Amino acid sequence: MARSLSQMMLKRFAAYPLARSSAITSRSIHQGEVRYSTSVPSDPDTHEDFRPTSKLESSGLSLENIVEQDVKDNPVMIYMKGVPDLPRCGFSSLAVRVLKEYNAPISARNILEDPELKNAVKAFSHWPTFPQIFINGEFIGGSDIILNMHQSGELKEKLKTIVNNQGKEE
């Protein structure tokens with residue numbers, strides 16, 4: 001019974017074409033009958049409450065100034081995909097796990113929320129990939145560099161003053 005049911009289902013699915021044609025046109029993707037848009041609608045009839053907003057724009061600072069301020073004000077700053085408690089990328093997850101080994105305070109910004117922030121961080125560091133980690137205002141690199149520093153003991157030295165200062169404040 002189960003075998004005949006699975007064969008019947010297999011025959012039904014085999015009738016569907018394996019690949020559907022898709023066409024990409026000016027910021028939208030058409031696949032079969034479904035349309036996915038990668039641009040923000042500029043429909044004047046859309047109510048203001050439903051238009052996308054950037055949390056960073058309302059601060060009055062330019063994105064470049066925000067990145068500079070983040071790096072200056074936070075001993076450990078990571079620009080990543082997702083947030084430390086819920087990384088959305090394996091490399092970001094690895095970087096956070098390594099940094100958490102030292103109990104250092106981690107400040108982070110999710111670059112997936114704002115593509116302009118992502119570009120501002122790239123311009124600031126002159127580095128194309130994410131995550132990007134800054135320690136004491138110095139650009140360190142990404143997850144591979146943090147992992148190598150952890151394995152060599154260099155990261156422990158770099159974070160020692162931050163962890164010691166955090167312990168004194170508590």
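Predicted model only: the values in this text are computed from it and were never measured.
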Report task. Examine H150 together with Y102 and report whether their ring centres are nearer than 6.0 Å. Result -> yes
Query - Nearest-0.5 Å distance, CZ of residue R88 to CG of residue N110 - result: 7.0 Å
Report task. Identify the two heavy atoms, one from N74 and one from D70, that lie closest to each other, and give their separation to 0.1 Å. Result -> ND2-O, 2.8 Å
Report summary line: Smallest heavy-atom separation, G82 atom then L112 atom, equals N-CD1, 4.0 Å
Report task. For K81, look at atom NZ and say whether over 12 heavy atoms of other residues, nucleotides or ligands are found less than 6.0 Å away. Result -> no
Report task. Kindly work out whether a path of hydrophobic side-chain contacts (I/L/V/M/F/W/Y, heavy atoms less than 4.5 Å apart) joins F91 to M80. Result -> no
Query raised in the report: Less than 4.5 Å apart, any side-chain heavy atom of E157 and any of M149?
Result: no
Query raised in the report: Are L94 and L155 in one and the same hydrophobic cluster, where Ile, Leu, Val, Met, Phe, Trp and Tyr link if side-chain heavy atoms are under 4.5 Å apart?
Result: yes
Report task. Report whether F139 and I106 are members of the same hydrophobic cluster (ILVMFWY, side-chain heavy atoms less than 4.5 Å apart, transitive linking). Result -> yes
Requested in this report: Look up atom CG in N103 and atom CD1 in I162, then write down how far apart they are to the nearest 0.5 Å.
Outcome: 12.5 Å
Query - Heavy-atom pair with the smallest gap, counting every atom of S143 and P131 - result: N-CG, 4.0 Å
Query raised in the report: Cut-off 3.5 Å, side chains only: do Q69 and N65 have a donor facing an acceptor?
Result: no
**Report entry** Pairwise distance CD(E64) to CD(E116) - rounded to 0.5 angstrom
**Finding:** 10.0 Å
Report summary line: Paired with I133, the side chain to side chain contact (heavy atoms under 4.5 Å, CB included) test is passed by just one of I146, I145, V96, namely I146
Query raised in the report: Between I111 and Q132, is any pair of side-chain heavy atoms under 4.5 Å apart?
Result: no
Query - Any side-chain heavy-atom pair of E68 and F124 under 4.5 Å - result: yes
Query raised in the report: Do Y79 and W127 touch side chain to side chain, with heavy atoms closer than 4.5 Å?
Result: no
Query raised in the report: Any idea which heavy atoms bring A104 and L159 closest together, and the distance?
Result: CB-CD2, 4.3 Å
Report task. Check each of L99, N136, V163, I140 against V76 using the side chain to side chain contact (heavy atoms under 4.5 Å, CB included) test, and report the only one that passes. Result -> L99
Report task. Locate the shortest heavy-atom distance separating M77 from A108; write the atom from each residue and the value. Result -> CE-C, 3.8 Å
Query raised in the report: Hey, are the side chains of V67 and L117 touching, using non-hydrogen atoms and a 4.5 Å cut-off?
Result: yes
Query raised in the report: Do F130 and L147 belong to the same hydrophobic cluster, where Ile, Leu, Val, Met, Phe, Trp and Tyr are linked whenever their side-chain heavy atoms lie under 4.5 Å apart, directly or via other members?
Result: yes
